[in-house]
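Take this structure, written in structure tokens, and hold onto it; I'll ask about it next.
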Protein chains: 2
Amino acid sequence: MFSVSARTQYGIRALAYLARTPGWEAIGAQIAEAEGISPKYLEGILTRLATAGLVRSERGKNGGYRLAKPPGGIVMAEVVAALDGEVRPVDCVDSLGICDHDSSCRSRRFWIGLKFAIDEYLGNRTLADIIEEGADPVSTR
Amino acid sequence: MFSVSARTQYGIRALAYLARTPGWEAIGAQIAEAEGISPKYLEGILTRLATAGLVRSERGKNGGYRLAKPPGGIVMAEVVAALDGEVRPVDCVDSLGICDHDSSCRSRRFWIGLKFAIDEYLGNRTLADIIEEGADPVSTR
DNA sequence: CTTTTTCCTATCGGGATAATAGGATTATAT
DNA sequence: ATATAATCCTATTATCCCGATAGGAAAAAG
Ligand code: FES
Ligand code: FES
């Protein structure tokens with residue numbers, strides 16, 4: 001239950017790799033090789049991250065990828081949203097009229113509450129928490 | 001992302017129905033009819049809930065289903081676990097040796113932290129929070 | 001104008017989910 | 001006993017999403 005897609009896990013590994021690689025030197029094939037990810041599949045992942053404004057890409061010779069912001073500015077909620085979409089336990093979270101129930105539906109509020117709990121966790125942690133040694137990201141801050 | 005299966009949503013609706021139906025009078029086909037769920041599919045759901053000790057079933061004539069505990073004793077974490085398994089963002093949450101990383105892997109701790117956040121939400125809410133009017137289950141208690 | 005790299009589109013296989021089907025079991029009621 | 005009414009059990013299907021793959025188009029550098 002609530003398992004994370006390989007796409008998101010790959011994306012985080014790629015981001016962590018970029019955080020260790022300054023400049024434009026990180027090439028897609030290089031990251032795939034180092035992290036053991038299918039190169040072509042990784043392309044789509046990096047494109048999503050670029051579209052979301054988390055990485056910058058440059059094509060042509062001497063092109064490649066780099067982080068668009070320092071690791072501390074890359075919020076994990078954005079990463080997850082870019083790769084697997086917004087946290088949405090049930091479809092009626094943001095668009096009513098799907099279920100035949102009304103807006104006061106108790107189940108709906110229950111799931112929205114879960115969404116808030118997840119968003120709060122993901123929104124308060126950044127890539128820096130994952131790559132840096134030291135503080136434990138599990139503990140509430 | 002983090003969407004809930006129809007199975008779990010059906011299960012919650014069935015539980016809510018049982019909470020409104022005293023005694024052994026709740027028959028599978030009846031619940032399915034009232035909640036608009038495929039009868040045969042609902043059977044499997046109720047079996048899971050029974051195996052988990054959340055509902056009791058009696059077969060034969062005059063048989064049916066009823067809650068095994070009062071709604072306030074049915075923790076939503078148990079419901080979710082019974083229908084879709086334990087909260088497990090990544091497989092290495094409880095069994096190491098899957099990823100080629102070691103136990104100090106930062107990503108792993110990050111996901112375990114998310115698991116704790118989700119489990120805390122689901123563990124502190126019961127069926128009573130869903131069926132009862134009044135307090136908003138979204139707010140932290 | 002050749003090389004290197006990202007970008008775009010299309011396809012494919014596997015696995016899980018939701019649903020369906022048919023019957024076997026169990027208990028009640030007459 | 002026997003008919004009835006219900007849960008239980010096993011197997012099958014249809015569909016969708018994901019992870020992966022493929023081939024090439026566009027762009028930037030030298
Ligand atoms: S309105 Fe969507 S679950 Fe009730
Ligand atoms: S050990 Fe599983 S993600 Fe690192």
Side-chain angles (χ1 to χ4, degrees), chain A residues 1-14 18 21 23-33 35-68 80 82-85 88-91, chain B residues 1-14 18 21 23-33 35-68 80 82-85 88-91:
Chain A
M1 190 60 181
F2 296 127
S3 61
V4 170
S5 70
R7 185 161 56 209
T8 291
Q9 297 184 56
Y10 290 163
I12 293 176
R13 282 206 262 161
L18 288 176
T21 310
W24 288 106
E25 316 208 10
I27 291 162
Q30 201 177 71
I31 306 175
E33 164 71 23
E35 297 292 334
I37 305 171
S38 163
K40 279 294 197 179
Y41 190 51
L42 180 61
E43 278 187 21
I45 292 173
L46 289 168
T47 298
R48 283 174 185 248
L49 293 173
T51 302
L54 300 176
V55 311
R56 285 198 199 142
S57 60
E58 190 97 358
R59 45 183 193 178
K61 210 164 185 176
N62 292 353
Y65 299 93
R66 74 172 182 85
L67 294 183
V80 168
L83 296 171
D84 275 352
R88 186 179 304 166
V90 289
D91 287 341
Chain B
M1 190 59 183
F2 296 125
S3 61
V4 170
S5 70
R7 185 163 54 212
T8 291
Q9 297 184 57
Y10 291 164
I12 293 176
R13 282 206 262 161
L18 288 177
T21 309
W24 287 106
E25 315 207 11
I27 292 162
Q30 199 178 72
I31 306 175
E33 164 71 21
E35 296 292 334
I37 305 170
S38 162
K40 279 294 196 179
Y41 190 51
L42 180 61
E43 278 187 20
I45 293 173
L46 289 168
T47 298
R48 283 176 185 247
L49 293 173
T51 303
L54 300 176
V55 311
R56 284 197 199 142
S57 60
E58 189 96 359
R59 45 183 194 177
K61 205 162 185 177
N62 291 353
Y65 299 94
R66 73 171 182 86
L67 294 184
V80 168
L83 296 171
D84 275 352
R88 185 179 304 165
V90 290
D91 286 341

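Keep in mind that what you see is a predicted model, and the values were worked out from it rather than measured.
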What is the distance, to the nearest angstrom, from the CD1 atom on B:Ile37 to the P atom on C:dT20?
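So the two atoms are 12 Å apart, to the nearest Å.
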Heavy atoms only: give me the nearest B:Leu54-B:Ala82 pair and the separation to one decimal.
CD1-CB, 4.4 Å
For side chain to side chain contact (heavy atoms under 4.5 Å, CB included), just list the numbers for B:Arg48 and B:Arg7, CA-CA rounded to whole Å, side-chain angles, deciding distance to a tenth of an Å, and then say yes or no.
CA-CA 10 Å; B:Arg48 283 176 185 247; B:Arg7 185 163 54 212; 3.3 Å; yes
Find which nucleotide of DNA chain C each of A:Gly64 and B:Leu42 is nearest to by heavy atoms, and output the residue with the more 5' nucleotide.
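This one resolves to A:Gly64.
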Please determine whether a side-chain nitrogen or oxygen atom of B:Ser38 lies at a distance below 4.0 Å from atom OP1 or OP2 of C:dT20.
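B:Ser38 to C:dT20 OP1/OP2: side-chain N or O found under 4.0 Å.
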I want to verify a distance call: between C:dT25, D:dG19, D:dA27, whose nearest atom is closest to the B:Arg59 side chain?
C:dT25
In whole angstrom, what separates A:Asp91's CG from D:dC17's P?
11 Å
Distance check needed: C:dC8 C1' versus A:Arg48 CZ, whole Å only.
14 Å
Using side-chain heavy atoms (C-beta onward) and a distance below 4.5 Å, is B:Arg66 in contact with B:Val55?
no
How many Å lie between CD1 on A:Ile45 and C1' on C:dC8, as a whole number?
16 Å
For B:Glu58, answer base if it contacts any base atom (sugar-phosphate contacts may also be present), sugar-phosphate if it contacts only those atoms, and nothing otherwise; contact means non-hydrogen atoms under 4.0 Å.
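Sugar-phosphate, no base atom in range.
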Side chain proximity check, B:Phe2 to A:Pro89, heavy atoms < 4.5 angstrom:
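They are not in contact (no side-chain heavy atoms under 4.5 Å apart), so the answer is no.
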Rounded to whole angstrom units, what separation is found between the CG atom of B:Leu49 and the C1' atom of D:dT7?
14 Å
Nearest-angstrom distance from the residue atom CD of B:Glu25 to C1' of D:dT7:
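Going from B:Glu25 (CD) to D:dT7 (C1'), I get 17 Å.
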Should A:Ile37 and A:Ile31 count as side-chain neighbours, where that means a heavy-atom distance under 4.5 Å?
no
Residue whose nearest DNA chain D nucleotide is more 5′ - A:Thr8 or B:Ala50:
B:Ala50
Return yes if the base of D:dG19 and the side-chain atoms of A:Lys40 contain a donor-acceptor N/O pair under 3.5 Å, otherwise no.
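Absent.
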Reckon A:Tyr65 has a side-chain N or O less than 4.0 Å from the OP1 or OP2 of C:dT5?
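No, outside the criterion.
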With a 4.0 Å limit, can you tell me whether A:Tyr41 has a side-chain N or O closer than that to the phosphate oxygens OP1/OP2 of D:dA22?
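Checking D:dA22 against A:Tyr41, no side-chain N or O comes under 4.0 Å of OP1 or OP2.
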A side-chain contact here means heavy atoms from C-beta on lying under 4.5 Å apart; do B:Met1 and A:Val4 qualify?
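Heavy-atom side-chain distance check passes, below 4.5 Å.
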Which nucleotide wins on minimum distance to the side chain of A:Ile27, given the candidates C:dT5, C:dC7, D:dC8?
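Closest of the options to the side chain of A:Ile27: C:dT5.
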Separation of C:dT6 P from A:Leu18 CG (nearest whole Å)
11 Å
Counting side-chain heavy atoms from C-beta on, which of D:dA6, D:dA5, D:dA29 comes nearest to A:Lys61?
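Nearest to the side chain of A:Lys61 among the choices is D:dA29.
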Most 5' of B:Ala26 and A:Arg7 on DNA chain D, judged by nearest nucleotide:
B:Ala26
Phosphate OP1/OP2 of D:dG30: any A:Asn62 side-chain N/O under 4.0 Å:
yes
It should be established whether B:Ser57 places a side-chain nitrogen or oxygen under 4.0 Å from OP1 or OP2 of nucleotide D:dC8.
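For D:dC8, OP1/OP2 do have a side-chain N/O of B:Ser57 under 4.0 Å.
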Between D:dC18 atom C1' and A:Leu83 atom CG, what is the distance in whole Å?
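Nearest whole value for this atom pair: 13 Å.
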